[in-house]
Structures are given as C-alpha cells and as structure tokens.
Amino acid sequence: MTMTSASIRRAFLDFFASKQHQVVPSSSLIPGNDATLLFTNAGMVQFKDVFLGQDPRSYNRAVSAQRCVRAGGKHNDLENVGYTARHHTFFEMLGNFSFGDYFKQHAIAYAWEFLTEVVKLPKEKLWVTVYQTDDEAYHIWKDSIGVPAERIIRIGDNKGAPYASDNFWAMGDTGPCGPCTEIFYDHGAHIWGGPPGSAEEDGDRYIEIWNIVFMQFNRHSDGRMEKLPKPSVDTGMGLERIAAILQHVHSNYEIDTFVALIKAAADATGATDLTDKSLRVVADHIRSCAFLIVDGVQPSNEGRGYVLRRIVRRAVRHGNKLGARGAFFYKLVPALVAQMGEAYPELAAKQAVVEKILKLEEEQFGKTLERGLTILEEALAVLDGTVLPGELVFKLYDTYGFPVDLTNDVARERNLSIDQAGFDAAMAEQRKRAQQASNFGTDYNAQLSSSQHTEFTGYQHEFGNATVVEILQQGQAVTTLDDGAEALLILDKTPFYAESGGQVGDTGSLTLASGAVFVVEDTIKLGKAFAHKGRLQGTLKLGDKVDAQIDSARRAAIKQNHSATHLLHAALRKVLGEHVTQKGSLVGPERLRFDFSHFEAVKADQLRQIELLVNEQIQQNNVLDTRLMPIEQAKAAGAMALFGEKYDDEVRVLSMGDFSIELCGGTHVSRTGDIGLFKIVSEGGIASGVRRIEAVSGAGAISFIQQLEQQAQSVAAALKGDVMSIAERVQQALERSKQLEKDIEQLKAKLASQAGASLLEQAEQHGGATVLVAQLPATEPKALRTTLDELKNKLSTGVVLLATVNDDKISLIAGVTDDLTAKVHAGQLVGWAAGKLGGKGGGRPDMAQAGGTDIAALSAVLTEAKTHISSKLS
C-alpha cells in the first residue's frame, strides 16, 4: 500500500480518534516548564506531567503527531545526519497515550490493527520484542494477536545493570518507567542484518517502527521500584520510517517529503547529482531550522540558539560544497511550507519571518568565514613547524564556525597539515562539556513541594482572614515558630500573589490576635500552594488565624507595570511583526522588563511608534475584561500565552479592548487609564535574536521624565543655551571638537614625518638592504603606522621594526619592502619579537603589528632583532 506522508499522518490521527482518543496538537519544540530537556525529542514530552499525576486532563486517552528535534546533548547525532538512512535532526513522532485507562492488551491490539488493517502491512513481515520478564506482553502477542513464537524476541538487561535494557524505558534516572515492546519490519533477506538481539541487529534488514512503553513503576533515587497506582501507556512510531516502508523505499531520504526538499535544494545550489549526501543534509536541516524558528528559537552562541546556529552553518557548508554561491538556504522554506504547511499552519503563518532570519544568519556566516580566514592567516604567519595545532583547528571550528575541511584546504596549499588527533581530542572534550551542560537530570521525588491548596483571593481583595495550614523551615514541615524565625507559611487562602508569569510576589504582613507579626518578604508557588516567605516577630503555631494584609502601594505599582507589559507586547507585534514572541519578563513595582524575539535592533522611530501605541491605549481607558474559558477556545480567540507559563484546561483570559488578548493569571489595573503614563527607558540585545525593553509606568514614568528634564536643563546650562536649543548647541560643540581632532592629527602626522626622517640616521646596511630597528617615545598606534609608512616610502629596499610603550604595554610594528618579503616576513618578524616580550601578533608579509608586556626586555630584544633580520637577509 502506497501512502503519502500527509495521508499516513491523517490516517493515524483518525484511527485513534475513532478509538475515543483526544487529538492533541503538536506542542512546541521548546518543552514548556521542563528544565530536563533541551528540545522536545519524543511525543510523550508534552504529557510528562500527566504521567506524573501533576497535570490532570479532561481526557485519559490522547493521540498526537509531535514534531521533534534531536541535535544536542544526549540525543546528538548531528554528524551522522544525511549519511545514514534514518538519522535526522527533525522528525515526526506519531503517538497514542493512555493515562491510567487501557494498558497492555489494548495498546498492543491497537498497534497491530493499525499496521495490518489500516495501512495493510503484511503480518509475516512484522517481528516483536518484549522485556525479558514481561510474560504478560509475550502472551498477548502470542495468544491474542497470533504472532508466531519464533518472531517474538525477549530482550533482557543488556547494558550492565538491572532494568538497563533496550526494552525497559525510563523518563530519567528517577520517575516513571517500565518495560516496553517494539515492532520491527523485515525488509527481506536481500538486505544485510539480523533480528533484534542478534549479533547482526545493527544491520538494516530489521527496522524498528513502533515502540509501546508500559509505565508501571516509579523509580526512586535509591533504586526502589514502586508500582504506579495508574499504569499508563506511551507509544511512538516515526512517521518517516513508516512512510519509507509504505512507499517501498529503504531510506527515509527517498520518501515523498524528502524527494521534494532535495529537489528544491538542488535547484537552489545548482547541484545536478540528486544522490549527493550533501543534498540530504540540506533537506534535513531546513526542517529543523525552520520549525525551531517558528517556535521562537533564534540563532545565538548559547543554549538552544547555539544548536540552531550549528545546524544552519552545517547546511550552508554543505550547500557551498554543492556549488552554492551567496545565500541559498532560506530559498528552501517555500518548498517546506508546500510539504508541511497544511499539517502545521504555524509554519505557513511565519514563512516570511523564517526566510528573513535564515537569510540574515547565512549572510552573517559569510562574514564569520572571512574573520576565520584572517585568524588562520595570522596563525600561519607565526607557525613553528609544518603542522597546525589541533587546538587552533578546533577553535576556528567551534568559536568561528570555520569548517575543518576548509582549514585543511588552506593548510595543504601551504604544504602544511593539521593535527587531526589533537582536533579530535578537543572535539571529544567539547562533546563531553555539551552533554554535561544539557544533563538536566531531575529527581522527581525530591523536589520542595506542598500538598496544600491555597485559594487565591487577591483579584478581589488586598486583605483577609486566613488559617496557617503548613509551616516549612529549610524544606521540612514544623508545627511551631519562635521569635525571629525565618520560614515559609502556607495559608488556606490568601490575597498575596505568588511569583508567576514574570510578576514578582507580593509583600506585606500576617498579623495574629496575639500581636505577633509575620513580615512577608516574598510569595512563591509550591505546586497549588502559595508560600509566604518571611520572618516572625513573636510566636506562631500550626492552625493559627492571621489577618493577611499586602503592601497595597507596592501592589498598585506592580499592577500598572503588568498591564503596561501586555500593551507593550501587543504594540511590539503590531509594529515589528507577528514573529515577536515573549522570551521572558519581570514585572516589579519600580519598572518592567520585557524580553522578546526579534532579529535586529529596534529602530528609534519604531520605539517611538511602540510607545505612542501603548499611551494611546492608556488614554482610551478601556475596561480590562477577565473571563474563564477552555484553553482551546481562548487560543481560537487569539489569546497570547505568556512565556514559561503553564495553563490548565480552563484559563483566565485578559482583554484590553481588542488591542491585547492574553492568557494571564496575574493582577492588573481595572482600566487602562489607571496605568497613567508609559515610557520606554532602554532597548538592547541580550542574546542573538533576543531583545530587551525596560520601561516604567505611572508615577515611575513621571519621575523618569522629570529626571530627563533635569539633565537636559543641566546640559543646556553648560552649553549656555536653553533646553529647546540643546540639539543645535551640541552639534556646534561636536563640529568644533572634530575640527580640533583633525588639527591634532595633522600635527601628529607632521611630527611623525619629522621623526621618521631623523630615525633614518639610525639605519644600518645588511646584505644590501637598509635595516632600521628603533624604539620611539610614547606614540599612539595610528601615529606609529604613519611613521612606518613614511619610512618605507623613503627606502628603496629595507626592513623596519619599530616599538613604543604606552600604559605599560608594548606596541610593535614591522614593515618590509616588497622585494624582501620572500626573505623577511613582517608577520613572522613581529610574532618572533612579541613572543620574546610576553605577547603575540602577526599579519601580512609586508606589514604587521603585535603587542607585548615585558618592558624590561624590550631593549635587548630590539638589539637581538637586528641580528635576527640580518641572518634572514643573508
């Protein structure tokens, strides 16, 4: 049976929907509220908290087509992508899930029915594996499904530890885990390989297509395996793998989606051999890069952005190998939208943004290559020997993105080689660091938590009576507190807002009838509980009644800034584009901070437009409307979700007219006019592709403007003018300053010329050439260069080495006339001298600069330099 990838995806979702599964859209490639993962790498990631019992849903069966990325940390096969039949940076995982509903019998039956009756795979082609001791799964396959015993393989603990098996799955070192059963497809005897568990299992004959995980246990940090109260099912089937089988091809790169993308890559690069592995790389990488950008990742030098940058640069390098000239990678986005835009409409909606970001990154990489070549040339100039050190090759590759094969090509042209072993060692060390950095392992059973549920009353009230239901000191529950004690108090209800969604926690006081006061310094969330952090004045015990009173003035300022943040977010999207997504925020009483994705600095006129839009909304004095509604209904209404927040099935939707609609659990003003005034304080970049705006509102905005006015008046007075003429007066002062600087430069050049003429008197003759080695009084680098140029112009043939000391630093510069560069290389000369002076440097054969720090050794080194140059000339 031949099916397109799109029809397979649809058939899978429809089949499980007919089995009463809730169809759940693919989640973002950036795992929400999950510090354990770099990227979403499996279909179950968005349901992790459901399996842990921390996120109850309205359904107990689900099905999804989840987009996944494996290109960093533990799951990093980047260098294999394009060169094997089934390695990808991006893939789609089809999965069905049971949360305490059906278990092994139904999960196995559903998988078999879909494979043999819906997509009609031959039953005799399917093999299965089970965990060694999972007799239940074995007998379901053998007795209920009818798979012959010789095609059911038990896989035991084959990794040197209990439950360390290909057929025992774990969420992590701790947490939910259990045995699994896998389904394999036999491609036939004409392809090398043996069944799973055999010595030839790594061959390509038997390919895993479906994995069913039976989550039965909760593993503790001490190794105890505790039975879960509600056993669950997590399954996964790679869309690309099943598509290859149903389209009668052996490699994933031969399925319909990749055929179209490879053709587009060939058109963009001018390649004619459609079997070239580099085309596979480019076709794979456009999928991961485009979807990462859709989900808000921007190329950068750290974290997820660094992985994206590496993938883009790898694609560009392979495109260059294919013959591409100029930016080409972004041109593949339309072909990707044609293949996957219907299944993932967010891709089509952000097509223009994806193309722009990829094009900018490609162009930036071109500049990076130029910088890498400059660094390589400088290193070659001072190289001692014929082998480029592995550390240098790695630095060029890792820091500057300079391809190793290109370094090799440059070295070969100079009859040099590279230290491949040293590079490999540095690369291995980098991989080790990357794995450690992304080893976000979490013990799900050892987190600070509370089983209490606090009712939040702070939307309506800023005070109220409550009961102390839990006291925590250093993570431990206690029943009493003494005077001066620091603790976390949990109440049955509270008007205090707990830090969430960027809004800081409330402060205030909890007063007892006895007169004791618990001063609240912060409020945080512990699960469903609100924990009041502070210090006690007096004594307190569990069950005491308290009068809760927040700092109302502080809350009012926070509300103004929080509501202003929503207006700012909406204004940014209207002025800069729909690609703007929130990357973080901090809403406090003094000011607000808003981080957002954008690929370039926000222009001054755009900032003015954004500020104007926000203040227009403030002046309209719209009522802030809050409503509770189902999450899907809220998203359908266009509500924006805040970065890093997690939402229940029913959410709180905050609307400010039709200008801003967001999901938000924070506290806000009643009308936009209550914000008073909004003023942007600063805008700048905090990471590649991420910008930050800081702003103030209300009284804070008025205070900021008054400070600006005071500074303007001070500047005006210093310039002997008024505030309205500051710009003109400053321009006049700048013009005078520029003219003075120009006059000074001319005088310095004149002095340098005179100094050069007098220095020639110190020149010596060596081997028919003029050699001048001298130290000048403290001279600026630019003047030093002018002096060198003057001297070279006056020499018909010669070598010049000059030194000067400024601020305890030595500056060296060397010049060689063109007829002598074959004997004396200026870059090598300053490199030699700098090396003896505790510095380094290099440059072109005819002119080079360097630096040093050992001032005491300078005189001796300059004397030695004359002998060194003379030996070169002879």
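For the numbers below, each heavy atom of this structure counts, side chains included, while hydrogens, waters and symmetry mates do not.
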Look up atom CG in L801 and atom CD in Q775, then write down how far apart they are to the nearest 0.5 Å. 11.0 Å
List for me each residue that meets ring-ring contact (aromatic ring centres under 6.0 Å, His included) alongside F291, sequence neighbours excluded, and say none if there are none. F90, Y344
Contacts of N806 meeting side chain to side chain contact (heavy atoms under 4.5 Å, CB included) (sequence neighbours excluded), chain-then-number -> A778, T804
Do L802 and T787 come within less than 4.5 Å of each other through their side chains, counting heavy atoms only? yes
R304 side chain vs L38 backbone, donor-acceptor pair below 3.5 Å: yes
Which atom pairs, one a donor and one an acceptor, fall under 3.5 Å between side chains of residues 864-872 and the rest of the protein, sequence neighbours left out?
residue	atom	partner	partner atom	Å
K866	NZ	E764	OE2	3.4
S870	OG	H766	ND1	3.2
S871	OG	H868	O	2.6

Could I get the full list of ring-ring contact (aromatic ring centres under 6.0 Å, His included) partners for F423, not counting sequence neighbours? Y397
Which residue pairs pass the salt bridge (Lys or Arg N to Asp or Glu O under 4.0 Å) test with at least one member in residues 270-297, sequence neighbours excluded? R67-D295, E240-R287
Any side-chain to backbone donor/acceptor pair from K583 onto G296? Under 3.5 Å, distance only. yes
Return the set of residues passing salt bridge (Lys or Arg N to Asp or Glu O under 4.0 Å) with E254 (not counting sequence neighbours), or none when no residue passes. none
Taking the side chain as everything from C-beta on, heavy atoms only, tell me whether F329 gets closer than 4.5 Å to R313. no
Got a sec, which residues hit salt bridge (Lys or Arg N to Asp or Glu O under 4.0 Å) with E362, two or more places apart in sequence or on another chain? none
Might you point out which heavy atoms bring T853 and G838 nearest each other, and give the distance in Å? OG1-O, 3.7 Å
Would V307 and F39 count as a side-chain contact (heavy atoms from CB on, under 4.5 Å) if you check the C-alpha gap in whole Å, the side-chain angles of each, and the deciding distance to 0.1 Å? CA-CA 10 Å; V307 176; F39 298 115; 3.7 Å; yes
Check this for me, if you would: do E363 and K359 make a salt bridge, where the nitrogen-to-carboxylate-oxygen distance has to be below 4.0 angstrom? yes
Any side-chain heavy-atom pair of L29 and V294 under 4.5 Å: no
Sequence-distant partners of F599, ring-ring contact (aromatic ring centres under 6.0 Å, His included), two or more places apart: H579
Who passes salt bridge (Lys or Arg N to Asp or Glu O under 4.0 Å) against D267, sequence neighbours left out? K263
Among pairs that include at least one residue of residues 294-314, which meet ring pair (Phe, Tyr, Trp, His ring centres under 6.0 Å), considering only residues two or more places apart or in two chains? none
Side chain proximity check, F596 to L576, heavy atoms < 4.5 angstrom: yes
Please examine the side chains of Q765 and T770, heavy atoms only from C-beta on, and report whether any two atoms are closer than 4.5 Å. yes
Here the salt bridge (Lys or Arg N to Asp or Glu O under 4.0 Å) pairs for residues 796-809, sequence neighbours left out, are none
CG/L336 to CD1/I286 distance, rounded to the nearest 0.5 angstrom? 6.5 Å
Shortest non-hydrogen separation from L788 to A814 and the atoms involved: CD2-O, 3.8 Å
Side-chain contact, heavy-atom cut-off 4.5 Å: S811 with Q849? no
Indicate yes or no for a side-chain donor-acceptor contact from T89 to the backbone of H285 under 3.5 Å, with no hydrogens or angles considered. no
Does the pair K356 and E600 meet the rule for a side-chain contact (heavy atoms from CB on, under 4.5 Å), with working shown? CA-CA 11 Å; K356 184 167 185 177; E600 59 188 359; 3.9 Å; yes
Partners meeting salt bridge (Lys or Arg N to Asp or Glu O under 4.0 Å) with R844 (sequence neighbours left out): D846
Do L332 and L261 come within less than 4.5 Å of each other through their side chains, counting heavy atoms only? no
Is there side-chain contact between R314 and V81, with heavy atoms separated by less than 4.5 Å? yes
